Trainee: 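So that we are looking at the same thing, I have put the structure below in structure tokens.
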2 protein chains.
Amino acid sequence: MAGATRKVGKTGAANAITADLVAVLVAVTDGEPKIMTIANDGALPSGPFEFAHRSLQTGLRAWVEAQTGHPLGYVEQLYTFADRGRGGDAKSLHSISISYLGLTREDKVGKGFQAHWSGWYEYFPWEDQRAGLSASLAKTLASRLRAWAKSADTTALQRERWQRAAITFGLDERDWNEELVLQRYELLYEAGLIPEAARDRSTAAAVIPGRPMTGDHRRILATGIARLRAKIKYRPVVFELMPAEFTLLQLQRSVEALAGRLVHKQNFRRLIEQQQLVEETGAIAAETVGRPAKLFRFRHGVLAERAVAGTKLPLSRT
Amino acid sequence: MAGATRKVGKTGAANAITADLVAVLVAVTDGEPKIMTIANDGALPSGPFEFAHRSLQTGLRAWVEAQTGHPLGYVEQLYTFADRGRGGDAKSLHSISISYLGLTREDKVGKGFQAHWSGWYEYFPWEDQRAGLSASLAKTLASRLRAWAKSADTTALQRERWQRAAITFGLDERDWNEELVLQRYELLYEAGLIPEAARDRSTAAAVIPGRPMTGDHRRILATGIARLRAKIKYRPVVFELMPAEFTLLQLQRSVEALAGRLVHKQNFRRLIEQQQLVEETGAIAAETVGRPAKLFRFRHGVLAERAVAGTKLPLSRT
DNA sequence: TTCGATTATGCTCAGGATAAGTATAAGCCA
DNA sequence: TGGCTTATACTTATCCTGAGCATAATCGAA
């Protein structure tokens, strides 16, 4: 982007590049969030960008449909990456990756495809705080982060590093913030605690648990998880991941799975009901232990009825 | 993106495309939101994507700095567009636009550049609800939207159209939602009520007030405004647009300018103060009518101290 | 048949946040 | 000095939220 205010459309043909689409496809089964993976579960589904479709979104939809045999529910663009450092060689500079988040219900992948569903916490063990972290992981994380902080040159920098680690990982009595998925990943990368960092910088360091992925893919996945965790709080997107009928506990378990945290049962119900997001089907859940639960369905009407609100300003009425 | 799960990086060299960067650069002066424009104020600053920088962001920063002579504060990626329909000819299909939102303080643009700052409500008159819409604009809008709804074939479709219009534009006693900037623009486009629609589809229709832009640019601007309006509610980004010292009323006027709505003065102050976002400088504003106000500055500390929170789930403490 | 385990669902209650307004303070200017 | 304007403090009713208690319905084992 040279220092000229050129008119739009006059793009220099010299700057030809290639574009890839990368997809974070999410489903939830039995209270576990899954993502679609390929290449022996070491990569996100991706492929070259083609111009056969009206838009990037429709192209992605068609492609996923061809892969899984059923339509994609909710789709949203995540981010476009073109960074050098991460990709590796200089050649990668001439390629950009446009990433998408897609929500669907898990389904059998068509025969002849190598795609699978993998639990997303395989790649981010520290993001699952539902039962608290395992004692060993918690200890490893804390000590490695502290070591990284201490390895800084000045005490000011040391304190700064530790503060960052403490904020993002909820250490030192701070609260855990489930939305900081990307910040945590970036920090671990910077601290050299994950295999991708060692690979890109050829520094061998002690890494922490969590499966790596090709190229930037784990970073893209982190972006997707973060986006989804933020989104479920103000848009009714969870329902894209649920079957047509479900109990409130199943709904709660799905939210907990995505957020990586447990929620208060009664308050969760009150929230859902007061927003009138669901309605009873009249049926009752079978095959349960304990008192059987009512089945609910999503009220599709809400999408049409109201512009499912964002957050608030202290508006004045005049 | 053909139906194959190829391994990442194996991009077909046949699919070479060009990429543009487009920037929505925002400043607020005297309680009016401005955007940087070029080409006689008919386009957003943009240019071909080059690979001279480490990332897209640093490229954008360097470019803006060269243009305006001072550094860019906050930068965030907006969206990557590659749609056919909008661009016009088939050739545009082979180009994608990566758009960014940038916040800065207005400043003189360096000599020899054609860039200017334009008020963003020139392009979206209906988005400024601070004093309510002018009677004429309100009437024009409502009647044109109603006509569009009525022109649908079936009564079901007519009702659906009107409901959409009513929700997005706050008609029929509904509340205005300032975040639906893009939805409103898209609806007006679909209804053929803006020049861009007439241009793309060569249908001559009665258009409503509001200055058009080249290509997709007004849509990109709508995306930027929507993003910013959502963001000011949960991240302290307004401060990127303020001078080093300001009164609380100036801060309020800036928020109102961006949101396009008036806020309750006392409650706004309480909100700001309880979040401890600002601190008194000790100085007092000069040159005012009425009682002089205290000057405040942004507490940069908050960015480091806490992970400025997102919204909430009904968490359980166990 | 009853008890215990398990899950569902209803209800309460205190504390905090919010919306809206009233009251008072501190300048300027005629 | 009185009136105009803006700043800032305080009040009040209402709603929302976190947290916990109580009861209901089902199953299976004693």
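These numbers come from a predicted model, not from an experiment. What you see below is based on every heavy atom in this structure, not just the backbone, and it leaves out hydrogens, waters and symmetry mates. Chain naming here is simple, since letters A, B, ... match the order of the sequence lines and numbering starts at 1 in each.
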Trainee: By the salt bridge (charged side-chain N to carboxylate O under 4.0 Å, His left out) test, which pairs, at least two apart or in different chains, include something from residues 250-261 of chain A?
Mentor: A:E178-A:R261, A:R253-A:E256
Trainee: I'd like to check the ring pair (Phe, Tyr, Trp, His ring centres under 6.0 Å) partners of B:Y121; sequence neighbours left out, ordered by chain and number.
Mentor: none
Trainee: I want to verify a distance call: between D:dA7, C:dT12, C:dA19, whose nearest atom is closest to the B:R270 side chain?
Mentor: C:dA19
Trainee: Determine, step by step, whether A:W120 and A:L228 satisfy the side chain to side chain contact (heavy atoms under 4.5 Å, CB included) criterion, reporting the C-alpha distance in whole Å, the side-chain angles of both residues, the deciding distance to 0.1 Å, and the verdict.
Mentor: CA-CA 13 Å; A:W120 80 23; A:L228 187 49; 4.1 Å; yes
Trainee: Using whole Å, what does the distance between atom P of nucleotide D:dA7 and atom CD of B:E280 come to?
Mentor: 14 Å
Trainee: Determine which pairs satisfy salt bridge (charged side-chain N to carboxylate O under 4.0 Å, His left out) with at least one residue from residues 116-126 of chain B, sequence neighbours left out, and list them in order.
Mentor: B:E122-B:R211
Trainee: Suppose we screen for side-chain hydrogen bond (donor to acceptor under 3.5 Å, both in side chains). Which residues come up paired with A:D175, at least two apart in sequence or across chains?
Mentor: none
Trainee: Between atom CD in B:Q274 and atom C1' in C:dG16, what is the gap in whole Å?
Mentor: 10 Å
Trainee: Nearest whole Å is fine: how far is C:dG27 C1' from B:K294 NZ?
Mentor: 15 Å
Trainee: Relative to the 5' end of DNA chain D, which residue comes earlier, B:K312 or B:R269, by the nucleotide with the nearest heavy atom?
Mentor: B:R269
Trainee: Could you check how far CG of A:L248 sits from C1' of D:dA25, rounded to whole Å?
Mentor: 16 Å
Trainee: According to side-chain hydrogen bond (donor to acceptor under 3.5 Å, both in side chains), who are the partners of B:E279, at least two apart in sequence or on a separate chain?
Mentor: B:R297
Trainee: Could you list all the salt bridge (charged side-chain N to carboxylate O under 4.0 Å, His left out) pairs where at least one residue sits in residues 160-169 of chain B, not counting sequence neighbours?
Mentor: B:R164-B:E190
Trainee: Between the two ends of the helix from C:dT1-D:dA30 to C:dA30-D:dT1, what is the bend in degrees, rounded to 10 degrees, where each end axis spans five pairs?
Mentor: 20°
Trainee: Specify the residue among A:P314 and A:T247 whose closest nucleotide of DNA chain C lies further upstream toward the 5′ end.
Mentor: A:T247
Trainee: If you restrict it to nitrogen or oxygen atoms, what contacts under 3.5 Å exist between nucleotides 22-26 of chain C and the protein, and what is each distance?
Mentor:
unit_1, atom_1, unit_2, atom_2, d
C:dT22, O4, B:Q266, NE2, 2.8
C:dA25, N3, B:R291, NH1, 3.0
C:dA26, O4', B:R291, NE, 3.4

Trainee: Quick one: list whatever passes ring pair (Phe, Tyr, Trp, His ring centres under 6.0 Å) with A:Y123, sequence neighbours left out.
Mentor: none
Trainee: Once you apply a heavy-atom cut-off of 4.0 Å, does B:L249 come out as touching a base, just sugar-phosphate, or nothing?
Mentor: sugar-phosphate
Trainee: Identify whether any heavy atom of B:K265 sits under 4.0 Å from a base atom; if not, whether one sits that close to sugar-phosphate; answer base, sugar-phosphate or nothing.
Mentor: base
Trainee: Of the nucleotides C:dT18, D:dT8, D:dG18, which one has an atom closest to the side chain of B:L271?
Mentor: C:dT18
Trainee: Would you kindly give the NE2-to-C1' distance between A:H264 and C:dG10, to the nearest whole Å?
Mentor: 12 Å
Trainee: Measure CG/B:N267 against P/D:dA9 and give the value in whole Å, please.
Mentor: 14 Å
Trainee: CZ of B:F246 versus C1' of D:dT6: gap in Å, rounded?
Mentor: 18 Å
Trainee: Rounded to whole Å, how long is the line connecting atom CZ of A:F268 with atom P of D:dT17?
Mentor: 14 Å
Trainee: How are the rings of A:F298 and A:F239 set to each other: parallel, tilted or perpendicular (split at 30° and 60°)?
Mentor: parallel
